[in-house]
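Structure, as structure tokens:
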Amino acid sequence: MPEAKLVVIYPRPTNIEAFEKIYLEEHVPMAVAKLAGKTKIVATKITSSPQGTPPFHRMVEIHFPSKAALEACAAWCTGNTCECC
């Protein structure tokens with residue numbers, strides 16, 4: 001089966017410094033620990049845009065070995081109120 005990925009796009013926060021602190025110290029470690037079945041996480045920080053200030057601040061790609069693995073992770077998170085999905 002082909003690989004599948006979940007893409008999360010974060011809008012530009014009003015307080016970037018506060019967002020980054022929570023994102024790096026709390027959210028990323030939680031996602032790494034709780035997203036069962038992932039094979040890779042690619043995080044991108046969007047710093048500029050040809051049109052000026054970018055509307056988005058971060059984009060994260062969470063890779064899974066299959067669509068079934070992604071769906072199983074999402075189902076577990078929904079059933080267990082996981083805040084990382």
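From a predicted model like this one, the values you see are computed outputs, not experimental measurements.
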Which atom names give the shortest non-hydrogen contact between [X] and [Y], and what distance separates them?
X: Pro54; Y: Arg12; result: O-CD, 3.2 Å
X: Ala36; Y: Phe64; result: O-CE2, 3.6 Å
X: Pro29; Y: Glu25; result: CG-O, 3.6 Å
X: Ile9; Y: Phe56; result: CG2-CD2, 3.2 Å

Determine, using the 4.5 Å side-chain heavy-atom cutoff (strictly less than), whether [X] and [Y] are members of one ILVMFWY cluster.
X: Val28; Y: Ile22; value: no
X: Ile41; Y: Met59; value: no
X: Val42; Y: Val32; value: no
X: Ile46; Y: Tyr23; value: no

How far does [atom1] of [X] sit from [atom2] of [Y], to the nearest 0.5 angstrom?
X: Glu71; Y: Lys67; atom1: CD; atom2: NZ; result: 5.0 Å
X: Cys73; Y: Ile62; atom1: SG; atom2: CD1; result: 7.5 Å
X: Leu24; Y: Lys45; atom1: CG; atom2: NZ; result: 7.5 Å

Which residue is it: Lys38, Glu3, Lys5? I am looking for the one with a side chain to side chain donor-acceptor pair (under 3.5 Å) to His63. Glu3
Would you call Glu20-Arg58 a salt bridge at under 4.0 Å N-O?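 So Glu20 pairs with Arg58 through a salt bridge.
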Flag the pair Val60 / Tyr10 as yes when at least one side-chain heavy-atom distance between them is below 4.5 Å, and no otherwise.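 Contact flag for Val60/Tyr10 side chains = yes.
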